[in-house]
Structures are given as C-alpha cells and as structure tokens.
Amino acid sequence: MVKDLFERIQDNKGPLGKWASQAEGYYVFPKLEGELGPRMTFHGKNILNWSLNDYLGLANHPEVRQADTDAAIQFGAAYPMGARMMSGHTTYHEQLENELAEFVMKESAYLLNFGYQGMVSIIDALVTKNDIIVYDVDSHACIIDGVRLHMGKRFTYKHNDLESMEKNLQRATKMAEETGGGILFITEGVFGMRGQQGKLKEIVAFKEKYNFRLLVDDAHGFGTLGKTGAGAGEEQGVQDQIDVYFSTFAKSMANIGAFVAADKTVIDYLKYNLRSQMFAKALPMIQTIGSLKRLELLRKSSEIKDKLWENVNALQSGLKEKGFNIGDTNTCITPVYLEGSIPEAMVMVNDLRENYGIFLSIVVYPVIPKGIILLRMIPTASHTLADIDETLTAFEAIREKLVNGTYKEIAERTTVDVS
C-alpha cells in the first residue's frame, strides 16, 4: 500500500514546527516595522532591537539610501534581464567583482545572487564523486545542504577541534588515495550562533602535512574583522592561504547578494560551472550599484567599524561583569547562555519584549542542546552606550525571574499571551 505523501507532514511537524500554533507571529516570523535600526516597532510597541545583522549600520546610511534610490530610478528593479552568461552581464557587475577581489586580497571574484544558494552551488561545483569533503559539525545550513549534494565521501570533525580535524584529514587522505580524488576542507570564518572564529591559522598549518584545499564561509567576518575589514583570514594573518573565500552581502553590506573569491583559474571555472548562477537571472542593478557604494564606505570609513567594536566591547564586557555566560565568542556575535526549557524561554522572551522593550533572537533545541536557552544579540555601529546600559539592566531582571522559578511557574499554568 502506497501512503499519502502528506501523511507524515500531518503527523510530524518537526522539532520547531510543533510550536507553530503558539509561536508563529511572535517568537518566529515576527513582524518588525519602521525604519531598520536599533529602535523599531513590534506589535505596536517601540522596542530596542538586537536582532539585525546590519553590523556597520549601512542599511540607513544616507549615501547608501541615495545610491539605492538613484539606481532604482535609472534602471528599475528588472534590469538586467537574463542570466549573466546570456544577456544579464554589465560593466557594473564586473566593477563590483574587481573591487571585491582587491578588497579581500584575491586575484578574482564572482558575484552570486544569494549567499545560501551560492554556497550550495560552490560546493557542488568544486567536487566530484571521487573527492572527499571534511567540514565542521557546526557548519551553517547552507554548507550542510551543499555537502548533501556530494555523491562522494564526507567526514565531519568536532567543532573547532584540532585533534578531530587531523583525525578526519587522515581518514580523508586514505580515502582520496583509493578514489584518486582530492580533499575539500570547509569551515566558517565566524560561526553565527556562538560567535567563535574558525581556527583558520591552525587549519592552514595542516597544509604542511596534508594535501587539501580550503573553502571559508566568512559571512559574519567580512566587514567586521581584520585591519581593513577583509575578514577572519586577515584577522588571523592567513588570508592568502584561503583557497576559496566566500561571503554574503546580507550582513555588513546590508544588501542582497554574495561573492566568491579565489585565484583566477578557480573563478573562471566556477563562472562556467555554478549552476545556481548559470541558470538564474543576474543580480539586479539596484543591488549591484548599491553594493559598490557600501563597499566604498566599508573601505574608506574606518570610524564605522571602530564604533561597532566600541559597542561590542561595551556589551560583552558589561555582560561578563554582571556574571553572564557569553561563551568564548571573539567576534561581534554576542550569545548569552541560560539554563531552562523551551516554555520557560518563551515566557522569558515575552517578558523581555512586553515589559522591558527588548527584542532579540532566541535559540533553543534542536539548534543547541536541550535545557539551554541562547539569547543571541548582534551589536551594531548604530547602537548607543545607553542602549547597552538599558539592556544590561533588563537582563539582570530576567535572570532573577528565571533562577527563582517565576518563568517556570508561568509556563506550567498558562499559555504565553502573544496576541
């Protein structure tokens, strides 16, 4: 007997989907309104927002807004029409690619329409069934999905664990000798949940013993780390040893799109083999020209990054001084780890938003282990020290309610009011 395909969907909505009736519209798929920035509107109330990846505050920079507007007036939203290979190629796309390559210290670069889609396609294009992939177990979903397309062998290593890395490089080497293939090692410049940098310097050192190529997803490092903002590789002094460098525009650039940078031979290959770009409409001119302006500001306005790090250091130092566990983050991403159940977490976040006017992202199982609540904050250059003080005061209050059982009691006797 053939089952109805949708029977499973009705019976099992997934670890997150099972909370949809209580969470949707408030805890997930929330509607933030108003101009992007630290102060926005949520359910009709003014809130202090710590959930935007607009690290450098470029989303509402007047020069950026003007560049976006001028591009829209000149070209509209449709131009150019068609894929780059067929009819969607422009000098603006080439200019952005050249400037990005120079900025991240690579020979060549290629634009991508979306970061997630781009990473999936890069992995697919770089390896054959004979090749072996070695990647961090805590990799972003776009890397995991790219690896899923791989028809050959892949090994995961424990997060940022050097011993596990080497063990799996040894396994990959033995396997590649049998298949006649090569090895692609994948890590992130910055891990988006915990805020740790990938151990790029140590990974590069493994090249002295093992023959592999290194792909780095630096979505959160680009624009925030390194002397010039070129990312985690620059920060750790190994940018030149990263074989394939990837980043998205969705973080520091406050835009849509992404890019990949490497030696010209590699980029030329990817240009003709990245299925997600070969068969997709070119990045619209609004995003392309807008990104040129953002990159210009990133290069020339060092005070923006300085202000970002002033806020990062103030927030993270303040949290540690008040006894909060922020793990071992060494980037802008600021996680706060608390102990509690998912219902307790929902009550706590409701309290934060409704009574303290603080909006931030909540992360629970299955993204992190059961019994742990992760409050993830993204400080930006647009935040103020007053914002940080207000948040620290609110955090002390909610921690007390979590510890003394107030949230547990509420969770046990009532459904959280999210109306």
Side-chain angles (χ1 to χ4, degrees), residues 27 30 32-43 45-61 190-197 220-221 223-225 229 235 251-252 254 297-298 301-338 340 345 348-363 372-403 407:
Y27 301 99
L32 290 169
E33 299 174 306
E35 198 168 83
L36 289 171
R39 299 284 175 175
M40 297 185 72
T41 300
F42 178 67
H43 280 224
K45 296 181 180 180
N46 180 266
I47 51 94
L48 174 53
N49 187 6
W50 293 100
S51 286
L52 296 183
N53 287 322
D54 184 21
Y55 288 116
L56 300 175
L58 295 182
N60 277 309
H61 192 289
V190 175
F191 289 87
M193 286 295 149
R194 306 185 191 191
Q196 306 146 319
Q197 291 183 47
H220 291 275
T224 67
L225 294 176
E235 178 80 11
K251 311 301 192 249
S252 290
L297 291 170
L298 202 160
S301 303
S302 60
E303 67 274 8
I304 297 177
K305 187 159 76 75
D306 293 341
K307 175 57 179 171
L308 164 66
W309 277 98
E310 178 187 351
N311 289 339
V312 171
N313 292 331
L315 177 63
Q316 294 183 357
S317 296
L319 287 166
K320 286 190 285 188
E321 287 170 4
K322 292 184 180 297
F324 286 96
N325 177 14
I326 65 170
D328 55 356
T329 178
N330 54 359
T331 66
C332 302
I333 295 168
T334 305
V336 176
Y337 298 93
L338 299 167
M348 178 173 62
V349 170
N350 178 261
D351 191 25
L352 263 178
R353 294 177 181 178
E354 298 303 319
N355 300 314
Y356 298 94
I358 304 291
F359 187 98
L360 45 73
S361 297
I362 176 176
V363 183
I372 300 295
I373 303 168
L374 189 159
L375 302 179
R376 179 176 177 266
M377 291 188 286
I378 304 293
T380 73
S382 300
H383 283 99
T384 67
L385 296 179
D387 294 336
I388 293 168
D389 289 340
E390 179 182 338
T391 302
L392 293 174
T393 299
F395 267 47
E396 285 190 298
I398 64 159
R399 177 176 57 186
E400 176 62 24
K401 294 178 187 178
L402 182 65
V403 172
Y407 292 144

task = Find out whether R376 and M193 are in side-chain contact, i.e. whether some heavy atom of one side chain is under 4.5 Å from a heavy atom of the other.
result = yes
request  = Would you sort out whether L56 and L298 count as a side chain to side chain contact (heavy atoms under 4.5 Å, CB included), showing the intermediate values?
outcome  = CA-CA 8 Å; L56 300 175; L298 202 160; 4.0 Å; yes
ask   = Under the side chain to side chain contact (heavy atoms under 4.5 Å, CB included) criterion, do F359 and M40 qualify, and how do the steps go?
value = CA-CA 9 Å; F359 187 98; M40 297 185 72; over 6 Å; no
message = Between W309 (side chain only) and L225 (backbone N and O only), is there a donor and an acceptor less than 3.5 Å apart?
response = no
remark   = Correct closest heavy-atom pair for A314 and L385 would be CB-CD2, 3.8 Å
inquiry  = Distance check, rounded to the nearest 0.5 Å: Q316 atom CD versus N330 atom CG?
reply    = 9.0 Å
ask   = Shortest non-hydrogen contact from G57 to A381?
value = N-CB, 4.4 Å
remark   = Interatomic distance, OG1@T391 vs CG@L375, rounded to 0.5 Å, equals 11.5 Å
note = Note: R353 and I47 closest approach over all heavy atoms is O-CG2, 4.3 Å
query = Between T329 and P335, is any pair of side-chain heavy atoms under 4.5 Å apart?
reply = yes
ask   = Does a salt bridge link E235 with K305, judged by any charged N lying under 4.0 Å from a carboxylate O?
value = no
note = From the list I304, D306, V312, side chain to side chain contact (heavy atoms under 4.5 Å, CB included) with L308 holds only for V312
key: Side-chain (T384) to main-chain (S382) donor-acceptor, under 3.5 angstrom   = no
request  = Would you indicate whether the side-chain heavy atoms of F395 and L360 approach each other to under 4.5 Å?
outcome  = yes
task = Would you indicate whether the side-chain heavy atoms of F324 and R399 approach each other to under 4.5 Å?
result = yes
query = CZ of R194 to CG of L374: how many Å apart, nearest 0.5 Å?
reply = 9.0 Å
query = Closest heavy-atom contact between I398 and Y356?
reply = CG2-CE1, 4.1 Å
message = If you define the side chain from C-beta out and look only at heavy atoms, does anything of E390 sit under 4.5 Å from I358?
response = yes
request  = Mind running side chain to side chain contact (heavy atoms under 4.5 Å, CB included) on W50 and D387 for me, showing each step along the way?
outcome  = CA-CA 10 Å; W50 293 100; D387 294 336; 4.2 Å; yes
inquiry  = Between L36 and D54, is there a side-chain heavy-atom distance shorter than 4.5 Å?
reply    = no
message = Go through it in stages, so that I can follow the logic: the residues are R39 and L48, the test is side chain to side chain contact (heavy atoms under 4.5 Å, CB included), and I'd like the CA-CA distance, side-chain angles, deciding distance and then a yes or no.
response = CA-CA 5 Å; R39 299 284 175 175; L48 174 53; 3.8 Å; yes
message = Give me the atom names and distance for the closest heavy-atom approach of S252 to T224.
response = OG-CG2, 3.4 Å
query = For I388 and L315, which heavy atoms make the closest approach, and how far apart are they?
reply = CG2-CA, 3.8 Å
query = Are side-chain heavy atoms of I362 and M348 found at a separation under 4.5 Å?
reply = no
note = Rounded to the nearest 0.5 Å, the OH atom of Y55 sits from the CG atom of N311 at a distance of 13.5 Å
task = Side-chain contact test, heavy atoms from C-beta onward, threshold under 4.5 Å: evaluate it for N49 versus F42 and give yes or no.
result = no
query = Out of curiosity, Y337 OH to I326 CD1, how far, rounded to the nearest 0.5 Å?
reply = 9.5 Å
key: Distance (rounded to the nearest 0.5 Å) between I333 CD1 and K251 NZ   = 8.5 Å
